[in-house]
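In what follows, a structure is listed as C-alpha cells, so that the remarks can point back to it.
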Amino acid sequence: MDRASDYFNEISESEPLLIPSSRRSSTSSRVWSQSPYIGGNLEALEQAGNLGRRPSEFNNPQYNSFPRHDSFDSIHLANGDAEHGINRSMQSRRETRDYTIPNALESGDSTLRNRYAPLRETSSTRVLSDRFESLDYDPCENSLFLKEESQQTFAHVNRMQTEKWIVMFLIGACVALIANGVVVTVDKISEWKYGRLRDVFDACSGTASDCLVQPLGLWVLGNIIPTLIGSILVVYVAPAAGGSGMAQVKCFLNGVKIPEFVRFKTLLVKIIGMICSLTGGLAVGKEGPMIHIGAIVGAGISQGQSTTCRTDLHILEDFRSDTEKRDFVSAGVAAGIAAAFGAPVGGVLLSLEEGASFWNQSLTWKVFFCSLTSVFVYNMIIGIYQGQPGDLSNSGLINLGAMADMTYLLYEIPIFLLMAVGGGLTGAIFNFLNFQLTMFRHKHITRNWARIMEVVLISAVTACVGFLLIYYVGDCQMMRDTSPQRTVQMLCSDGEYSSIATMLFQTSEKSLRDLLHDEPGTYKPLTLGTFVVAYFLLACWTCGSWIPSGQFIPGLLIGATWGRLCGIGVMLMLPGVAIDPGRYALIGAAAQLGGIVRMTISLTVILIEATGSIAFGLPIMITLIVAQWVGNWFNAGLFDVHIKLLRVPLLEWEPPPLSSHLVARSVMSHPVYTFKTTESVGTIVDILHKVTHNGFAVVSDGDIRSPLSDTPDTFGRMRGLILRSQLITLLQLKVFNESPDIDVIRAGLSIRSFRDTYPRYPSIKDVAITDQERRYTMDLAPYMNPSPYVVYMNTPFPRLFKLFRALGLRHLVVVDNRNQVVGILTRKDLAKFRVEMHKGKIKVEELAISNELAVNPITRACP
Amino acid sequence: MSFPTWNLILISFTFLFATAQVTTASNSAALARDLSADWQVLSSIITCSNGADVSCVEQLPRFWDIKNGGRVKREFPDGELDVPESISKRAARQSDCQDTLTAYGTAAAAFIGCSVDNSRPILLCEKCVESYLIAQAAFVAYAKTKDENNKSCDDIVYGSDLIEVVHRANRSIESLWGDSHCAYCFDSYYIRYGTVVYSFAQSLIVFDQKHQNLTGCFTDHGVVINTGVAEDMGNITNSSLVCKECYPYYKDLSDFFLKTYTEDITKTCMDVVDVMNQTRRMWGRYFQCEDRHPSMFLPWTVAIIIFASTVVFYIGMLFNSTFEYYVIRRQDRLVTSPFVGINESTSSSSNMSYPPL
C-alpha cells in the first residue's frame, strides 16, 4: 500500500500528465479529500491485494458487437434528482457496473478477487502511457500576444523570415559536419581494427598451432571495448540516446513530447555511442541515429540556447515555441537522411511521410534547402578527406554507388514480386522476433548492469559468429584487387581471398555496396546463405539493445544478401541470359527493408537516389508496396511496434475506420476542472498540486441546470483555455489582483515572460505562495487563449481526429449547445482508439492508459 | 465489296487529302513524284492482300537475307542502291587514305593477335609492346594523312559511316592496353623513326628474375610447367619436396611482390599481377605447400564459453528480474465507455504475467 501511494503522490506532483480527466465540478459540493480520484481507490486495491484487471473478453471488442447500453445508462441516470445531480448520477453509475470498484472493496471483500479476472494480455501494447505530453502546436492568441504582434514592423517580420533560412542552412551544415565526423572516425578506427585483426589472422593461419585463439580474442576484445563504452554512456548518461531514435522522431513530429529526446546531452551520447556501436562491429547502421541527430540539431540550433549548458545567446527568441521547433526538427530529420544516404529528396519525403500533418509548400521548400545544404556540405568535406577537394560527387554515408545499366525485362517483374513477398514475410518475422525480445527486455532486463551486460554479450557473440563463419565457410576467390580491404586471405591459399572474411572485415555499408556491384561470380551461394542467416539473427538481436543502433543498413544488407542469392538462382535457371545479381541484390534490399520498416514513398526515393537508378524506380516501388502489404498482413512495421511498446499516444494519418458513431460525448473526459475568469489563488494552487493536467477551461458562472433536462452536468460557460505553464508563470510573477504593485507587474508582463521558461517549464512545486496570497484572486481573462477550438457533444470521432491531427491540437473543449463546458478532449482520448489489422481481421480496440509511477528512463526503440 | 476495293478507296482518300494540302506547283510536282513511288509499293501490297499468294512475298523489296549458316549477308542488285560503304571506299580510294587504312588494319591485327596469343599467362605488355607501338604509329599516320583536297583521311572516313570502324578498333586496342596497366611495366616505350624503343621497369626485371629462379627450382625437381596454366599441371608426385626446396624462392618472390606492388592495383603491371596470382595458386592449391588448417580447439573453447554465458545470462534474467509498477489509470467519462466498461477503474500491478511496460 505504501509503495503504491508513494508512487501515486510522486507522479501527481512531478511532471504534469497529459490527460485532463478530472472530476472537480464548480457546481459540485464535493471536497478534495472525498474525491474519488484514482489515488484513493488505488490504495484500497493495494490493500485488498487484488489489483484487478478487466475480463479479457472486454479487451478487444469488435466494433459490430459492442453493447450500446452504456450511454442509455448514463442518460437514464442523469435524469435523477436535481439537487444531487452530479453526485447521484456518478455514484449510481459506478454501482451499476460490476467491474467498477464498489465501496465494498475498501472493506476488503475477498470475493472480489474472483470477480476481477486477471487481465490476460498477450502483450502490454494495449496501454498508453500518460508520461507523454502533447506539444503545443496551437498558438495562444491572448491579449499579450496581440499586443506584441501589434508592435511588430515589416522589418521584424522580414527578419524572422530571413532568420529561418539562415537557421535552415546552419542545421543542414551542422548535420553534415557531424555525419562527416562520424564517418571519418568510424572509417579510421575500423580500418585500424580490422587491419590488426587481419595481420594476426594471416600470421596464424599459415601454421598448425593453436594460435587462432589470438585473432578470436582480439576480435572479441575489439568488439567489447567500444560497445561497453557506448552502452555505459547510454545507460547512465542519456538513456534517450539508445536505439535509433526513429520511432521517437516519428512521435515528436506527430506532436508528442518525448522526455529528454532533444537534449544536448542526448546528442553527444548519441554521436559517441554511434561511433562505438559501429566500430564495435555490431550489426547496426548509422542512418537511424543520423535522423535522431538531425532532429536534435534542428531543435537545438533554432533555439539559440541550451538549458543543459546553461547558455542563452539571446538570439532567435522568436523560435522558442513548439510550433517553430517542429519545423526545424522536420528540417533536421531531412538533413540527417540526406547526409546519410545522399538522398536530399528522400529526406524531405521521409519528413513528410513521418510527420505528414503539419506541412505546407513554404516549409517544404525550406526543408528541401536544408537537406540539399546537408548533402552539399557533406560532399565537400568528404571530398577534402579523400584528397579531392572540390569533388562534390561522393555523397552519402552509405554511398551505394550508381547502378549502371539497370535494364530489366518484363519477365523479371514476377520474380521481383516473389522476392517482395519474401521480404514481407521475413520482415514480419524480424518484427515478431524483435517484438518478443523487446518485451522480454522490458520485463526482465531492467537493471542497468544487465542492460550493459547484454550489449557486451551481443558484441562478443557477433565476433564469435563471424569467426566461425570465416573458418567454416571456405569461399576462396581469386584475388581481384590488391587493396588491403579486399584481400583478406584468412585460410585461403595464397593468391586467393576469403569472400566471407571480406564481407565481415569492413563496415556494413561497404559490404552492402560490394553485394550490389561485385561481379556475378564473387560469392558462392553457401557463403551468402550462411551469412544471411547469421546476420539476420544478429541484427534482430541487436535491435533495441541499449546502444545507438540503426536498422536501415542491417535491413538492406540482409536483403541484398538473399537478393543476390536469388539472382544466382535465376542465373542457374536461365542459362545464357545476362543476369546481373547486383540488380536482384538491390530488389532484395528494398524488399527486406520495406518488410521491416514498412515505409514506402521515402524509401523508394531514398533507394533510387542512393543508387542513381531512376529507370529502376518502378520495380523498387512495386517491391516496397508488396513487401509492405505482405508484412502488414501479419504485424505492424518495426517503428510502429516500438511506438506501441513505448506506449506513445500516436495519432495515425487517418481516423480509425468505422468510428463515426463515436461522438465527443462518449470519448471526452468528464467531469473537468475549470477555472473561473477571476479565480482565487488558493484554488489554482490546490488544483495544480492535485492534478497533473495541462489545460484548463476558463469559464464564467454556469447556469442552473433544469431538473428535467437530460443534458449532463456542465461546468460553466466557456470563455477560454489556459495552460498549466501559463498559470505557473502567472503565479511566479505574482500577478494577483490584490498585489500592491499589480499595475507595475501587469505593465512589465509580456509574451516574452511566458516564453522565457520554454522549453522546461517550472513545476508547481517551485512556486512559493504565502497563506495571505492564497486568499488573493487572479484575473485569467487576459492571459488565457480566448479563442480555443471547441466542439459540440455530438461531433463525430473522425472529425475530432482530423482536427487534432491537422491542427496539432493539445486540448479540445467540448461544449453543449448553450456553450457550457461539459468535457475536454486530449490526444490520448483519441489515440486510445486504435485500429488493429491482423491477418485479414479489423478491429478497433480501446486502450487503457497507465499511470507511470516510477519515473523510468524512456524505453528503447531500436529503429 | 471485296477487300482490295476498300483499300483502293482508302488510298484515294489519302491522295485527295494530301493533294488538298498542296498549294504551290513545285510542291505538287514533288509530291506527285513521292506519291508515285509510294504507289508502286502500295500497289504490290494491295494486290497481295487478295490472298495468300506466295509470289507476293517475292515482290516485296528484300535487302537482307540469311544465308551461309546464319551469317547476315547483304545482298542487293548492283547499281540499284548506293550504300555508304562504297561511297567512302570510293572517296578513300581517290586519295592515299586507303593505303594508310590498310597499314593500320595490318598493325592492329598484329597487336590483337599478339595479345590473344599471350593471354595465358598474361604477358600482354611484355610481348606485345612492339606491335602496340606500331599500331599506334599506324593510326597516327592514318589520322595525319591528307588527300589531294587537303582533307584529312580521318575526316573522310570518320564522317561517312555510322559505326566508326577505325576509331572503334583503336579504342579497343587502347582499352586493352590501358586496362592491363601496361604503362607501369615500362620505364619508357616509344617509337621513333620507325624503330621501337622500350625499356622495362626495374621492378619488372627484378620480379622476372625472381620468378625465373622459382620456375628453375620447380623444373629442377621434375615439375613441368606447361604454358603456365596451373590447372593443367597434372599429378604432383613430390610436392612436399618442392615445397621445402623452393620455399626460399617463393618467399623471395612473394615478399618482393607484396613490398613493391600492393600500393595500388591500378598502378601495377598486369603481367606481374597475373604471374604472381598463378604462382600463388600453384603453390597453395596444387603443391598444397601450406597447411592452412590451424587447430580450432582453443577458439571453440572461447566461443562456447561466450555462447554459454549468453544463455546463462538470459536464463538468469528470466528468473531474476525487478518488477516495475504501473497502474492503469482511471478515466472519467460521462458515458462510461463507448464500447464496454474497459476504461472504468481497474488497476494492476505487473505481477509475473504482466510485462512491466
Side-chain angles (χ1 to χ4, degrees), chain A residues 7 21 23 38 41-42 45 51-54 58 61 66-67 70-71 74 93 97 99-101 124 130 204-208 210 212-213 216 439 442-446 450 453 457 460-461 464 479 481-483 491 493-495 647 662 665-667 669-670 712 823 846 848-851 853-854, chain B residues 254 261-262 264-265 268 273 276-281 283-285 290-299 301-303 306-307 309-310 313 317-318 321-322 324-350 353-357:
Chain A
Y7 274 141
S21 60
R23 56 174 57 244
I38 184 165
N41 286 328
L42 179 73
L45 282 167
L51 290 170
R53 292 228 179 178
R54 55 186 186 267
F58 288 156
F66 81 89
D70 298 335
S71 51
S74 59
R93 196 166 68 236
R97 308 201 62 87
Y99 46 82
T100 57
I101 303 165
S124 51
D130 62 359
C204 173
S205 54
T207 65
D210 221 350
L212 265 188
V213 76
L216 175 63
M439 295 277 291
H442 284 315
K443 198 170 156 189
H444 295 295
I445 304 180
T446 48
M453 188 71 200
L457 281 173
V461 169
C464 282
M479 208 75 93
D481 209 331
T482 53
S483 65
L491 303 173
S493 319
D494 280 358
R647 289 172 289 140
L662 284 174
R665 88 176 257 136
S666 53
V667 296
S669 293
H670 170 96
E846 187 182 353
I849 293 175
S850 72
N851 261 334
L853 297 188
Chain B
S254 181
Y261 292 110
T262 41
D264 189 355
I265 187 70
T268 309
V273 175
M276 193 65 226
N277 273 349
Q278 293 306 323
T279 311
R280 280 169 154 179
R281 271 172 92 88
W283 186 260
R285 186 158 283 187
E290 286 188 359
D291 178 22
R292 287 191 167 268
H293 287 283
S295 159
M296 277 292 279
F297 176 71
L298 275 179
T301 320
V302 173
I306 288 173
F307 290 144
S309 54
T310 310
F313 170 78
M317 282 296 116
L318 194 63
S321 63
T322 52
E324 289 174 29
Y325 273 81
Y326 77 99
V327 172
I328 300 295
R329 186 189 187 108
R330 150 111 135 245
Q331 294 169 63
D332 303 301
R333 292 281 174 271
L334 174 68
V335 177
T336 319
S337 165
F339 302 137
V340 280
I342 58 168
N343 62 343
E344 261 299 332
S345 170
T346 53
S347 52
S348 161
S349 68
S350 55
S353 60
Y354 311 137
L357 272 174

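Within every chain, numbering begins at 1; the chains are lettered A, B, ... in the order of the sequence lines, protein sequences first and strands thereafter.
- Heavy-atom minimum distance, B:Met317 versus A:Ile445: CG-CG1, 4.0 Å.
- Nearest heavy-atom pair, A:Ala450 versus B:Phe313, reported as atom, atom and distance to 0.1 Å: O-CZ, 3.3 Å.
- Across all their heavy atoms, B:Ala303 and A:Leu216 have their closest contact at N-CD2, 4.4 Å.
- B:Ser309 touches chain A through backbone and side chain together, each having a heavy atom under 4.5 Å away.
- Taking each heavy atom of B:Ile306 and A:Leu457 in turn, the nearest pair found is O-CD2, 4.5 Å.
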